[in-house]
Amino acid sequence: MDWQPDEQGLQQVLQLLKDSQSPNTATQRIVQDKLKQLNQFPDFNNYLIFVLTRLKSEDEPTRSLSGLILKNNVKAHYQSFPPPVADFIKQECLNNIGDASSLIRATIGILITTIASKGELQMWPELLPQLCNLLNSEDYNTCEGAFGALQKICEDSSELLDSDALNRPLNIMIPKFLQFFKHCSPKIRSHAIACVNQFIMDRAQALMDNIDTFIEHLFALAVDDDPEVRKNVCRALVMLLEVRIDRLIPHMHIIIQYMLQRTQDHDENVALEACEFWLTLAEQPICKEVLASHLVQLIPILVNGMKYSEIDIILLKGDVEEDEAVPDSEQDIKPRFHKSRTVTLTHEAERPDSSEDAEDDDDDDALSDWNLRKCSAAALDVLANVFREELWPHLLPLLKGLLFHPEWVVKESGILVLGAIAEGCMQGMVPYLPELIPHLIQCLSDKKALVRSIACWTLSRYAHWVVSQPPDMHLKPLMTELLKRILDGNKRVQEAAWSAFATLEEEACTELVPYLSYILDTLVFAFGKYQHKNLLILYDAIGTLADSVGHHLNQPEYIQKLMPPLIQKWNELKDEDKDLFPLLECLSSVATALQSGFLPYCEPVYQRCVTLVQKTLAQAMMYTQHPEQYEAPDKDFMIVALDLLSGLAEGLGGHVEQLVARSNIMTLLFQCMQDSMPEVRQSSFALLGDLTKACFIHVKPCIAEFMPILGTNLDPEFISVCNNATWAIGEICMQMGAEMQPYVQMVLNNLVEIINRPNTPKTLLENTGRLTSPSAIPAITIGRLGYVCPQEVAPMLQQFIRPWCTSLRNIRDNEEKDSAFRGICMMIGVNPGGVVQDFIFFCDAVASWVSPKDDLRDMFYKILHGFKDQVGEENWQQFSEQFPPLLKERLAAFYGV
């Protein structure tokens, strides 16, 4: 018996569908409540499918909406649909997939794939055979509807379709789809390619068995009239380039010629798909060989694709030159994520690298969608890295025409080209840079805002070269002009100038010191001028400046300029305002740079950070106890506050003692160290280490409670937490001395395990500029433990001496390395046998010192000579034969062995 709706119920559902199309928010709220009520009735979903499939008298948007509400219900609670309801929905879908309206067909297709993805492909065995059968229908609507549904299923469930769970339906489906590549309707041809395309990346066996037929059919469709078909052909070829390049190589010359045409397709979507081909080809080992002879055609096409299209210019408000007074809308501002403090050696907190993020962003964030301009620029960038200098001759004649072109759009694209090739073609360009850089600096004052902003980005890509020249040549003029652009009348230019300036700061570092006064005047002026979004960027730039020039910022005149506006903003912002994040990050860098110069400002800043931590912890507690009444807190407030406290402790040193004495920070820290969120623990261990160095008197009473927590956090699964905990233990050792003894066993085994882990992920330590693995921090802490408690640590020497030596040989001489090596020498004194087997590694580590302190050098001397005397001259000769020549020389020169 077929289900039939109750007339009154049907009217109620139709009214609800009409109301839900109202823009009024109050009406929307009523609709949501009504939906909740109706969902209590099992056959409510029958009404929804009935409106979608049978109620042809209603308008299409209403019918479609009914299907979309049903889709949401299926997603949320399909498992609890009574079987008769589920069966009715499935049957209606299959019976009406050929509806006369393309909107209704698409909605039914979405509904089918949603049911299928709820584990129903196994439970609905007739679905795939019936859909495949409907493809043979004479009726276009039925064939198109079935194909639309199949395409969505292929997108959502590609892995399942190629598994034994369903008896590998692809063996039938793929050959079936291939037959439709020649169908008379472009829509059907397009569906057919799109279905097969879903299985290329996973190398589905059924497709691999038919790969040559597939490629042949693609070639046949290469010049199809329909853009959607051409787009899908290009997409297929790009994916095949990645997974089955072997089948394409014989035809590569023709494919490249085809893609050259398609990259200029008048349909931008086709051109974009084709442009991806060059990006993918650049990653293939055969790129150079197959593409070299085509560069002469390809480069002008890519360069041409880098011009803004008319629609881009409209979207970017390219004709609006001055908008600095227009307030930002909230959706323009990307959400900010604070990156927790990570301890690196010589303890610099890693800042998220602003230049990395800016790397590929040529300044079109309003067009953050991938488009032909961005894809062409990216392709040129990677090809420049493949072909290097060979690309330059193809570009040089083009660039001359572009960079001096009277039309701004063309000139702008030329500047983007220069930026895109900066990395790859640097060598070839060096002779031209003395002319190009001044020209680009001139473009910074172009009358078009979009030219000024791209000039900022491109110049930032050459910052390294600019800084390598005498400062008056290019650095000074570039900086002068960039600072003017920071005060530009156009917000996009302000942002681009900041981004470029941040890169310049990182490259120039202390070269900026002579210009600090001028730079700070500009910054302070910008505070009064900027709208919301760019203020956030301003904080970043000040932080980067402080990191770059360090203690040079600690001059009364500079502090007088910089601090008042920062503190004014600080006072304006409420505790729950997310704009505090970038401001706190910025102040953390400033406090570290100013050191004692920050003293007059530290009290209110310190107090507020403690309050932020306290508030967040309290809110987290309320939420844990009553999740239905309270919201979960945003723990980023607490993380950023802990990091600023670290910056204060590091910058103020002993001066922080009175602040700590007057607050409950140690109690709060005890809670933060046990937080469930790794980033909170990471920042609290960094702060613990900094407080240990600055005012151990307040840390010492808590050691008995803190040490077990530190021990349990020595888990390399959370590498940053583990590193910071390890570093803090090392700092505590140096303060505790022999009193560390009761705690050694709590941490030693874990540290030895960590240092022995194979291929610990590499992190770049900013202070050495070399790759060293994080095991350098465990090595230093083990050395420090051995320094204060040699009797307890020495028995394990043999278990860690080799990785210990290899992880410390690449570290520059510094205090941390010094204390660690003193520890290892003392342990060798207690247990000389522990080092015998790996003595060559110890020799190598000793030789890595450039200038050890005299008493440490004596310790090395005694151990080396002691070993040599013990084994005898002849054995030592044999042993030292294994040394690389450089090591031999160094040991002979420094230690006479």
Side-chain angles (χ1 to χ4, degrees), residues 343 345 685 688-689 692 696 700 703-704 706-716 722-757 760 773-809 811 814-839 841-846 848-849 852 855-856 859-860 862-864 866-867:
V343 177
L345 287 176
F685 295 138
L688 175 61
T692 300
F696 188 62
K700 193 170 181 183
I703 289 296
F706 284 7
M707 283 309 297
I709 301 172
L710 285 162
T712 49
N713 277 280
L714 297 177
D715 173 4
C722 179
N723 261 348
N724 287 9
T726 305
W727 175 74
I729 294 168
E731 291 299 336
I732 290 169
C733 283
M734 298 312 288
Q735 302 288 343
M736 289 282 282
E739 290 177 59
M740 193 70 189
Q741 194 249 325
Y743 308 109
V744 172
Q745 296 314 320
M746 268 179 205
V747 297
L748 184 58
N749 287 333
N750 284 355
L751 289 170
V752 171
E753 200 176 312
I754 291 166
I755 201 174
N756 277 293
R757 274 183 66 135
T760 340
S773 74
S775 58
I777 294 177
I780 281 174
T781 296
I782 290 173
R784 290 176 152 190
L785 270 173
Y787 178 58
V788 295
C789 301
Q791 298 293 341
E792 283 69 23
V793 185
M796 294 189 72
L797 197 52
Q798 198 176 341
Q799 295 177 41
F800 61 75
I801 186 71
R802 181 185 286 204
W804 190 95
C805 291
T806 43
S807 60
L808 288 187
R809 66 187 296 275
I811 307 270
N814 63 31
E815 282 302 314
E816 286 156 324
K817 183 171 174 174
D818 179 273
S819 54
F821 270 85
R822 287 172 191 276
I824 213 81
C825 292
M826 291 173 73
M827 288 187 274
I828 292 173
V830 174
N831 176 16
V835 75
V836 171
Q837 282 184 312
D838 296 306
F839 199 70
F841 288 92
F842 176 72
C843 295
D844 179 53
V846 166
S848 74
W849 277 89
D855 59 336
L856 181 60
M859 292 165 107
F860 292 159
K862 284 186 182 128
I863 292 172
L864 292 170
F867 186 84

Point-to-point distance, once rounded to the nearest 0.5 Å, from CG of Leu797 to CG of Asn831
5.5 Å
Taking the side chain as everything from C-beta on, heavy atoms only, tell me whether Phe839 gets closer than 4.5 Å to Leu864.
yes
Has Asp844 got a side-chain atom pairing as donor or acceptor with Cys805's backbone, closer than 3.5 angstrom?
no
Start with the C-alpha distance between Val835 and Phe867, add both sets of side-chain angles, then the distance that settles side-chain contact (heavy atoms from CB on, under 4.5 Å), and finish with yes or no.
CA-CA 10 Å; Val835 75; Phe867 186 84; 5.7 Å; no
Are any non-hydrogen side-chain atoms of Glu816 and Trp727 less than 4.5 angstrom apart?
yes
Just to verify, which of Leu748, Ile732, Ile780 counts as forming a side-chain contact (heavy atoms from CB on, under 4.5 Å) with Leu785?
Leu748
Report yes if the side chains of Trp804 and Val752 come closer than 4.5 Å at any heavy-atom pair, otherwise no.
no
Closest approach of Cys733 and Val788, non-hydrogen atoms and distance?
O-CG1, 3.4 Å
Does any non-hydrogen side-chain atom of Gln735 lie less than 4.5 Å from one of Lys700?
no
Considering all heavy atoms, the nearest Ala776-Ser807 contact:
CB-O, 3.8 Å
Quick one: are Met796 and Met827 in side-chain contact, heavy atoms under 4.5 Å?
no
Rounded to the nearest 0.5 Å, how far apart are CE of Met734 and OG1 of Thr692?
12.5 Å
When rounded to the nearest 0.5 angstrom, what distance separates CZ in Arg822 from CG in Asp855?
4.0 Å
If you take all heavy atoms of Val747 and Gly711, which pair is closest and at what distance?
CG1-CA, 3.9 Å
Are the side chain of Asn724 and the backbone N or O of Phe685 linked by a donor-acceptor pair below 3.5 Å?
no
Are Ile782 and Ile824 packed together at the side-chain level, in the sense that at least one heavy-atom pair is separated by less than 4.5 angstrom?
no
Any side-chain heavy atom of Leu714 within less than 4.5 Å of one from Glu753?
no
What are the two closest non-hydrogen atoms of Ile801 and Gly834, and how far apart are they?
CG2-O, 3.8 Å
Determine the minimum heavy-atom distance between Cys722 and Ile754, stating which atoms define it.
SG-CD1, 3.4 Å
To the nearest 0.5 angstrom, please state how far the CZ atom of Phe696 sits from the CE atom of Met736.
5.5 Å
Could you check whether any side-chain N or O of Asp838 sits under 3.5 Å from a backbone N or O of Phe841, counting only pairs where one atom can act as donor and the other as acceptor?
no
At what distance, to the nearest 0.5 angstrom, does CZ of Phe860 lie from CD1 of Ile828?
9.0 Å
Would the distance check show the side chain of Thr781 and the main-chain N or O of Thr726 forming a donor-acceptor pair, the cut-off being under 3.5 Å?
yes
Contact check, side chains of Ile755 and Leu751, non-hydrogen atoms, under 4.5 Å:
no
Sub-3.5 Å donor-acceptor pair from the side chain of Asn723 to the main-chain atoms of Ile777, do we have one?
no
First locate atom CD of Glu792, then atom CE of Met740, and finally report the distance between them rounded to the nearest 0.5 Å.
11.0 Å
More than 12 heavy atoms of other groups within 6.0 Å of Phe821 CZ
yes
Can you name the nearest heavy-atom pair linking Arg809 to Ala845, along with the distance?
CB-CA, 4.4 Å
